[in-house]
Protein chains: 4
Amino acid sequence: MFEGIEQTRREKALYSAAYELFTEKGITNTAINDIVIKAGVAKGTFYTYFKNKEDLLDRIILNKSMKVLHEAMLATKEEELASFNERLLTFVHHIIQYFEEDPIMLKLIHKNLSWGVLRKVRPKYKEMNDIYLMFKSEYEKEGITDLEIESLLFIIIDLVGSVCYHSIVLEEPAPIDQMKPILFKTIENII
Amino acid sequence: MFEGIEQTRREKALYSAAYELFTEKGITNTAINDIVIKAGVAKGTFYTYFKNKEDLLDRIILNKSMKVLHEAMLATKEEELASFNERLLTFVHHIIQYFEEDPIMLKLIHKNLSWGVLRKVRPKYKEMNDIYLMFKSEYEKEGITDLEIESLLFIIIDLVGSVCYHSIVLEEPAPIDQMKPILFKTIENII
Amino acid sequence: MFEGIEQTRREKALYSAAYELFTEKGITNTAINDIVIKAGVAKGTFYTYFKNKEDLLDRIILNKSMKVLHEAMLATKEEELASFNERLLTFVHHIIQYFEEDPIMLKLIHKNLSWGVLRKVRPKYKEMNDIYLMFKSEYEKEGITDLEIESLLFIIIDLVGSVCYHSIVLEEPAPIDQMKPILFKTIENII
Amino acid sequence: MFEGIEQTRREKALYSAAYELFTEKGITNTAINDIVIKAGVAKGTFYTYFKNKEDLLDRIILNKSMKVLHEAMLATKEEELASFNERLLTFVHHIIQYFEEDPIMLKLIHKNLSWGVLRKVRPKYKEMNDIYLMFKSEYEKEGITDLEIESLLFIIIDLVGSVCYHSIVLEEPAPIDQMKPILFKTIENII
DNA sequence: TATGAATGAGAATTCATTCAT
DNA sequence: GATGAATGAATTCTCATTCAT
């Protein structure tokens, strides 16, 4: 999935079986038994790879969170934009697009999509670094501290995740299309 | 608690026992059995007042969410400020203060503190209306729709809740004191 | 069973079902499931009365141990013997007899039949006191301490239990009939 | 360990890993998995050397039991005592000393320390014969049968083991120092 | 021989919910 | 309304054992 993380056939099967069941039936309604049956492995195999259901869930959320940001970053890079503002808004745009295409996933990860979590694994997964570097190269000339950079990144990702969840999944207070202008305006104001 | 909601001695005991256990041990680790023992009532009594654990949890979160906003609103009104900007920032300030004094509660409700939930009960609990009216009276002259007003309210409360949770509870990406200036700046820019 | 210990119908059923299964199939080969089925109660009911299988086993052993000594004591009293020596040897005789008639039970309890365990519950079950008093009234005039009395009681019960187990259950090193004379001789020498 | 029993590096590692775990965590709480990890060998290797956990346990207990008696016998022989009574009491004394120095081991083996078990392996491990011969040479001139000799040996070892376990491990009914005089007196009376 | 991933039967335990008192 | 013993389905998790490498 992400560089350096090798997975056996069975581990992968457990991941995707669990992901499908969690999104379809909900986490609480998914028994470990359901997961192993869907994955086509023995019950004991689950415990070879994961401590328990929560452990598996945490890892799924981490993987998916990274994937969203990583892919949004890749798409942004391809557009070769000149200004930082454009790059950032494009990055946000791609995140929203990703969520719009996969609201089920958003539903699963939204409570945990946070730069707070991702910054911890940044050294381990170099993909996470790209995002950080986009910010850092922009701000460091202005004498802004690393902490402030991360605070900014955090607040933006948090806001995007939260607004997307409420508008896309719950359609509260309004559908995403109506929320987008406000969201972009807000982000422009923040930076 | 809030107008029109009478509670018997046993119901109150269940509420506060559950609240303490949820915050101390976590929701999943709290069994209904634990709650009734702590509340000093019989197991069957639980079902006289609540459908199940989730029902009780939802009501606790709703109560606590409303309480935060209501008390922040009361404190704001007392200061008799002239401009809308001042009133709003003061309102936010009081919410943050409330959370700083009771981070345990923040931990419990943060995932559900959302204007999206509260607007639904607005007609039932008139205290919620005050907050809405502060916004409405400011914006309606400018020809802004009700939906846009609620979107704004929503985005602000969401952002405040999310930043408070991460900075106060998790101290991510930085403690609340460092996040406050950014947060206030952001909100000023939004409105 | 013993005074002051009330048992509901279900608790009793669990006790005797477990006792039968433990002696028939062995402790490890008996699942809690087997016990509840035999007792005709629901699985959860087991946990209303016992912490786990070991808890139940401990209580069975305590009960049975007490029963052996108590009944041997009753039988001894009925014979209205004059000398302490006679009373003690008769007491031992009845214990052996009890074990001979119920070797299955001996097999279950032998590792835990010890005055060390029983003295702790002495205050709770007054039947245990009778045995102690037989010794105490004999020795106290001779200025022997309580501790020494209990040590003697302990060593005798321990020896009887151990010899009975090996000779009756395992027929090692010889059947009980051949061991009895040595055992009685030994006890006579001890006192 | 004992003559004729060769052990590979892995087998030895399994023995001592198991012994440590059995004494530290208890037998039931020690899984074969724990043993192989501690021994640093693969799971499958366990089954090259042992049938199952019980098989390993039995062999450990046998080894340790033999070791206690063998070493006590060696120490006794060194003292070159004239009378049988002296030799026997010295033998018992050394057994007690051994247990006092290693109560953990006593805890593990006490339920199985019995001449009943050891006599069976006597032909295989000639060290066990020495103990038997000490008795036999004393008693045979008196026309006592082999069975009676073994019964005596059995009853003494059983008593010593049982008293040591209760007094050293459980300190019931009194510490070993207080029990020793009674124990020696008893043994003297038996022989 | 040695390995250790994989197995899957089976054991323990939990806990929401009911209902006779 | 209040009680709490009883329920039993559901779920988690363990662990001895196998076997292809």
Side-chain angles (χ1 to χ4, degrees), chain A residues 7-11 13-14 27-37 39-56, chain B residues 8-11 13-14 28-37 39-56, chain C residues 7-11 13-14 27-37 39-56, chain D residues 8-11 13-14 28-37 39-56:
Chain A
Q7 283 182 316
T8 69
R9 205 197 84 234
R10 284 180 181 79
E11 193 180 357
L14 284 166
I27 295 155
T28 331
N29 295 323
T30 300
I32 288 173
N33 211 22
D34 302 335
I35 299 171
V36 295
I37 287 168
V41 303
K43 213 181 251 179
T45 305
F46 180 93
Y47 294 93
T48 309
Y49 295 105
F50 308 100
K51 228 176 116 274
N52 49 39
K53 197 166 77 177
E54 212 188 329
D55 177 30
L56 169 54
Chain B
T8 70
R9 204 198 85 235
R10 283 184 181 80
E11 192 179 357
L14 285 166
T28 331
N29 294 323
T30 300
I32 289 177
N33 206 23
D34 302 333
I35 299 171
V36 295
I37 287 169
V41 302
K43 227 173 197 171
T45 305
F46 182 93
Y47 295 92
T48 310
Y49 296 105
F50 307 100
K51 222 175 121 272
N52 49 38
K53 193 167 78 177
E54 214 189 328
D55 176 28
L56 169 53
Chain C
Q7 283 183 317
T8 69
R9 205 197 85 234
R10 283 179 182 80
E11 192 179 358
L14 284 166
I27 294 155
T28 331
N29 295 323
T30 300
I32 287 173
N33 210 21
D34 302 334
I35 299 171
V36 296
I37 287 169
V41 303
K43 213 182 248 178
T45 304
F46 181 93
Y47 295 93
T48 309
Y49 294 105
F50 309 101
K51 227 176 117 274
N52 49 40
K53 197 166 77 178
E54 213 189 327
D55 177 30
L56 169 55
Chain D
T8 70
R9 203 197 85 236
R10 284 183 181 79
E11 193 180 356
L14 284 166
T28 331
N29 294 323
T30 300
I32 289 177
N33 207 23
D34 301 333
I35 299 171
V36 295
I37 287 169
V41 303
K43 226 173 198 172
T45 305
F46 182 92
Y47 296 92
T48 310
Y49 296 106
F50 308 100
K51 224 176 120 271
N52 49 39
K53 193 167 77 177
E54 214 190 327
D55 176 30
L56 169 53

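Quick note on labels: first sequence line is chain A, next is B, and so on, each numbered from 1. What you see is a predicted model; the values in this text were computed from it and never measured.
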Quick one: do Leu14(C) and Phe46(C) satisfy side-chain contact (heavy atoms from CB on, under 4.5 Å)? Show the steps, please. CA-CA 7 Å; Leu14(C) 284 166; Phe46(C) 181 93; 4.2 Å; yes
In whole Å, what is the span from the CD1 atom of Ile37(A) to the C1' atom of dT11(F)? 12 Å
Just the rounded figure in Å: distance from C1' of dA2(E) to CZ of Arg9(D). 11 Å
Give me the atom names and distance for the closest heavy-atom approach of Thr30(C) to Ile35(C). CG2-CG1, 3.6 Å
Could you check whether Tyr49(D) gets within reach of a base, just the sugar-phosphate, or nothing at all, counting any heavy atom under 4.0 Å? sugar-phosphate
Under a 3.5 Å cut-off for both contacts, is dA20(E) paired Watson-Crick or G-U wobble with anything, and if yes, with which nucleotide? dT3(F)
Closer than 4.0 Å, any side-chain N/O of Thr45(C) to the OP1 or OP2 of dA6(F)? no
At under 4.0 Å between heavy atoms, what does Tyr47(D) touch on the DNA or RNA strands: base, sugar-phosphate, or nothing? base
Residue mapping more 5' on DNA chain F - nearest nucleotide basis, Gly44(B) or Lys51(A): Gly44(B)
Counting side-chain heavy atoms from CB outward, which of dA5(E), dT12(F), dA10(F) is closest to Lys43(C)? dA10(F)
Separation of atom CG in Asn29(C) from atom C1' in dA11(E), rounded to whole Å: 13 Å
Find out whether Ile32(B) and Phe50(B) are in side-chain contact, i.e. whether some heavy atom of one side chain is under 4.5 Å from a heavy atom of the other. no
Take atom CD of Glu11(D) and atom C1' of dA2(E), then tell me their distance rounded to the nearest Å. 15 Å
note: Asn33(C), atom CG; dA11(E), atom P; distance rounded to Å ~ 8 Å
Given DNA chain E, 5'-ward residue of the pair Lys53(C) and Thr48(D), judged by closest heavy atom: Thr48(D)
Side-chain contact, heavy-atom cut-off 4.5 Å: Thr45(C) with Val36(C)? no
Whole Å only: how far is the CD1 atom of Ile35(D) from the P atom of dG4(E)? 17 Å
Atom OG1 in Thr28(D), atom CD in Glu54(C): separation rounded to 0.5 Å? 7.0 Å
For Val41(C) and Ile32(A), take the nucleotide of DNA chain F holding the closest heavy atom to each; which residue's nucleotide lies nearer the 5' end? Val41(C)
Between dA16(E) (P) and Phe50(B) (CZ): distance, integer Å: 14 Å
Length of the CD-P vector between Glu54(A) and dT12(F), whole Å: 12 Å
5'-most by nearest nucleotide on DNA chain E - Arg10(D) or Phe46(B): Arg10(D)
